[in-house]
Amino acid sequence: MNKNTDITKVFADAPAGEPERQLYFIEQAKNVLEDIEREAGRKLTYDVVTFGCQMNARDSEKLSGILDKMGFEQTDSEDADYVIYNTCTVRENANNKVYGRLGGLGNSKKKNPLKMIALCGCMMQEENVVTKLRESYRFVDLVFGTHNIFKFPELTYRVLSGEDDMIIDIWEGTQEIVEELPVNRKFAFKSGVNIMFGCDNFCTYCIVPYVRGRERSRKPADILHEIETMAKDGVKEVMLLGQNVNSYGKGLDEKITFAELLREVEKIEGIERIRFMTSHPKDLSDELIEVMASSDKICRHMHLPLQSGSDEILKRMNRHYTKERYLSLVAKLREKMPDIAITTDIIVGFPGETEEDFEETIDVVEKARFDSAFTFIYSKRTGTPAASMDPGADEATVKKRFDKLLKQVQMIAAEQAATHTGEVVKVLAEQRNEHDDSLITGRMSNNSTVHFKGDVSCIGSIVDVHLDECKGFYYYGTMV
Ligand code: SAM
Ligand code: SF4
C-alpha cells in the first residue's frame, strides 16, 4: 500500500466536526487510491457483503456510497480488492457463517497483495469476537462496529495508507447521528430510511440492544429532508426502518409520534408507497392503525413479531403483551383494513418452553392466519438474560416443534395467498426475473411477490397486474 503519503499532515489538517471530517477523508482516500491504481495499472474493486436484516442492508448502501465516491469500482465477487463483511449476530449460526467464509478470504489475500479486508456490523460489538479475530484472523485489515460506521472513510484511508496492524475501532455506544454522507442505493426507485437507531426493549433472548445501543430517533426534519431528496431523485417507495418504529420520537425535543411522522412522509410529492419495519406489538397504537387505514400511500402490510403465543413465555421474554392483546391487535388491523397482510417472527424452543406453551403459539398462528412468518429456533446469545435460564426441552423436541410450526405457517400462508388469485392489483415492478428473462418481478402493496410478462421499461413503475395463478407464497400474473 501507499506508505509515502504524509499521514501525519493529513490527520493534522483534518476538520474536527462531522460530516466534514469524513468528507475530507473521502477526498484523501481518493488521492491515495489513485496512486495505488497508477502503480498497479488497473482500477481497484470492492464488494460489500451484507449479512442479516434491513438495517444492515441500509448500512451497506452507506458503505458502498462512500467507496464509490473514493473511486473504487463495485463488483459482486469476493475476489474484489476490498471486501467488507457487514455482519449480523442475532443468532449464533450467523457468527459461524462469517468465520467460515473468512477462511476463503484469507486464502485469496495470499494471491492478491492489494487485497484489503474489513469487518463491521453487530458481530464486531462482541468482545470475544474481536479477541478471536486478533488471535486467529490476523490477515483482516479493519474491524469496526455499529456506532462508528460513519467513520468508514477515515478508517479506510488508514488502511489504504498502509498501516500494518489490524485497525480495530469499536465504540461502546454513542448518541451521535451523522447526517449527509454519501449513499449508494441498490434500487433507484425504492430505498430504506433509518428513522431511529438502537433498541431499549431488552427482550431477554435478544442481543440487539447490546450491539446496537440505546434507542435514538432521528429528527423529523432530517428524515423528511432525506426522503424529499430521494423523491426528487426518482424514489417512489420508502421503507422506514427502526427496531421498534412504534416508539419513534422518544427523547426528541419536539413531540412527535410515529403516526404523525407517517402523515408528514405522506405529504412528500413523488413518494407513492410507504412501508415500515418493525412494529412492536406493545406499542402499536390505534392512532397508527387509523393513519394506515386512511392512507393511499401506506402499504397494506404489517410485520408484527409475535415471538410466542404463551403468556408465560412472553413474560419471560420481556415482551409486555399477552396472547389476547396480540390477537386483539390482529383483529383490529383486519377489521380496519380487510386487505392487509400480517406477517410475523416466531421463536421456538425458548428456555423452559413446554408442549402447552408451544400449543399456545400454534393456536395464535391458526387464529391470526399470518400471511407469512419467519420462524426461528431459539439461539442462546451470551450476555442476554435468557442465556442463563434453564434450557427446558431437548434439541430433538424443539426441532419437532419447529417442523410442525413451519408446516402450519406455510399451509395457512398459502391459503391466505390463494384468496387473492383473480384480483387486479398494483405492483411495483422491481427487476428482471432472475431465472426467466421474459418475466418482471414486482411487489404488491401487501409485500407479496408477483412475476409477470413485461418489458424492462416498466421497472420502477407501479403497474396493474392480474394475479393469474398462486404458487403458495408468490404469484404469476399478467400486466393489464
Ligand atoms: N426488533 C424486531 C422485533 O421487535 O421483533 C426484530 C429484531 S431481530 C433482529 C429479528 C428477529 O430475530 C426477532 O423478531 C426474533 O424473532 C429473532 N431473534 C432475535 N434473537 C433471537 C435469538 N436469540 N434466537 C432466535 N431468534 C432470535
Ligand atoms: Fe431485539 Fe426486542 Fe429490541 Fe426487537 S424489540 S431488537 S427483539 S430487543
Do any pairs count as a salt bridge (charged side-chain N to carboxylate O under 4.0 Å, His left out) and have a residue in residues 237-250, sequence neighbours left out, and if so which ones?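 Qualifying pairs: E215-K250, E237-R273, E237-R275.
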Would you name the heavy atoms of S247 and M196 that are closest together and state the gap between them?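 Heavy atoms of S247 and M196 come nearest at OG-CE, 3.8 Å.
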Looking only at atom types and distance, does a side-chain atom of [X] sit under 3.5 Å from a main-chain N or O of [Y], one as donor and one as acceptor?
X    : Y    : result
R316 : T204 : no
R158 : E154 : no
S379 : E92  : yes
S217 : G249 : yes
R21  : A16  : no
S108 : L105 : yes
N148 : G145 : yes

F374 and I346: CA distance, side-chain angles, deciding distance, side chain to side chain contact (heavy atoms under 4.5 Å, CB included) verdict: CA-CA 6 Å; F374 293 110; I346 300 171; over 6 Å; no
Can you check salt bridge (charged side-chain N to carboxylate O under 4.0 Å, His left out) on K407 and D403, steps first, answer last? CA-CA 6 Å; K407 214 167 129 197; D403 291 344; over 6 Å; no
Using the side chain to side chain contact (heavy atoms under 4.5 Å, CB included) rule, pick out the option among L114, D79, D76, T75 that qualifies with T45.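 By the side chain to side chain contact (heavy atoms under 4.5 Å, CB included) criterion, T45 pairs with just one of L114, D79, D76, T75: T75.
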Set of residues satisfying side chain to side chain contact (heavy atoms under 4.5 Å, CB included) with respect to V193, sequence neighbours excluded: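 R218, I223, E226, I227, M230, V238, L240.
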Partner set under side chain to side chain contact (heavy atoms under 4.5 Å, CB included) for P281, not counting sequence neighbours: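 P281 satisfies side chain to side chain contact (heavy atoms under 4.5 Å, CB included) with L304, R319, Y321, Y326, L329 once adjacent residues are dropped.
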How long is the gap from CG on L241 to CD1 on I195, to the nearest 0.5 Å?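 These two atoms lie 8.0 Å from each other.
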Enter the distance from L102:CG to L133:CG here, rounded to the nearest 0.5 Å.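 Between L102 CG and L133 CG, I get 6.5 Å after rounding to 0.5 Å.
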Do E73 and K43 meet the salt-bridge criterion of a basic N to acidic O distance under 4.0 Å?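 No.
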Does E353 pair with R401 as a salt bridge, N-O distance under 4.0 Å?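 Yes, charged N to carboxylate O under 4.0 Å.
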Would you kindly say whether [X] and [Y] are connected by a side-chain donor-acceptor distance under 3.5 Å?
X    : Y    : value
N56  : T50  : no
D81  : N112 : yes
R216 : T174 : no
T343 : H301 : yes
T397 : D394 : yes

Taking side-chain hydrogen bond (donor to acceptor under 3.5 Å, both in side chains) as the definition, give me every residue that meets it alongside T449, ordered by chain and number, with sequence neighbours left out.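 With neighbours one apart ignored, the set is empty.
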For K297, give me all partners under side-chain hydrogen bond (donor to acceptor under 3.5 Å, both in side chains), at least two apart in sequence or on another chain.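 Once residues adjacent in sequence are excluded, K297 has no partner under the side-chain hydrogen bond (donor to acceptor under 3.5 Å, both in side chains) criterion.
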Are [X] and [Y] close enough that some pair of their side-chain heavy atoms sits under 4.5 Å apart?
X    : Y    : answer
C458 : I440 : yes
Q243 : M55  : yes
K282 : N244 : yes
S191 : F187 : no
T278 : V245 : no
I168 : I170 : yes
Q307 : T361 : no
M302 : L284 : yes

Please assess I462 against V427 for the test side chain to side chain contact (heavy atoms under 4.5 Å, CB included), listing each intermediate value before the final yes or no. CA-CA 5 Å; I462 294 178; V427 172; over 6 Å; no
May I have the step-by-step check of side chain to side chain contact (heavy atoms under 4.5 Å, CB included) for C122 and R212, ending in yes or no? CA-CA 7 Å; C122 294; R212 287 263 173 192; 3.3 Å; yes
Hey, is [atom1] on [X] packed in by over 12 heavy atoms from elsewhere, all under 6.0 Å?
X    : atom1 : value
K399 : NZ    : no
E127 : CD    : no
K219 : NZ    : no

R443/E430 under salt bridge (charged side-chain N to carboxylate O under 4.0 Å, His left out): CA gap, chis, key distance, verdict: CA-CA 7 Å; R443 216 164 267 276; E430 295 192 343; 3.7 Å; yes
Establish, yes or no, whether a centroid distance under 6.0 Å links the rings of [X] and [Y].
X    : Y    : value
F144 : F152 : yes
Y99  : Y137 : yes
F402 : F376 : no
F11  : F25  : yes

What's the verdict on side chain to side chain donor-acceptor pair (under 3.5 Å) for D68 and N184, showing C-alpha distance, side-chain angles and the deciding distance? CA-CA 8 Å; D68 284 350; N184 175 5; 2.6 Å; yes
Are F150 and K62 close enough, and set up right, to give a side chain to side chain contact (heavy atoms under 4.5 Å, CB included), and what steps lead you there? CA-CA 8 Å; F150 69 87; K62 295 177 187 171; over 6 Å; no
For R263 and E260, what are the C-alpha separation, side-chain angles and deciding distance, and is it a salt bridge (charged side-chain N to carboxylate O under 4.0 Å, His left out)? CA-CA 5 Å; R263 283 241 189 267; E260 286 162 354; over 6 Å; no
Between T441 and Y474, does the side chain to side chain donor-acceptor pair (under 3.5 Å) criterion hold? Intermediate values first, please. CA-CA 10 Å; T441 296; Y474 63 92; over 6 Å; no
Please, which pairs that meet ring pair (Phe, Tyr, Trp, His ring centres under 6.0 Å) have at least one residue in residues 256-277, sequence neighbours excluded?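 Those involving residues 256-277 are F258-F276.
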Worked verdict on F51 versus Y85 for ring-ring contact (aromatic ring centres under 6.0 Å, His included): CA-CA 8 Å; F51 298 83; Y85 277 1; 5.3 Å; yes
Decide salt bridge (charged side-chain N to carboxylate O under 4.0 Å, His left out) for K109 and D141; before the verdict, give the C-alpha distance in whole Å, the side-chain angles of both, and the deciding distance to 0.1 Å. CA-CA 11 Å; K109 195 168 177 175; D141 298 283; 2.8 Å; yes
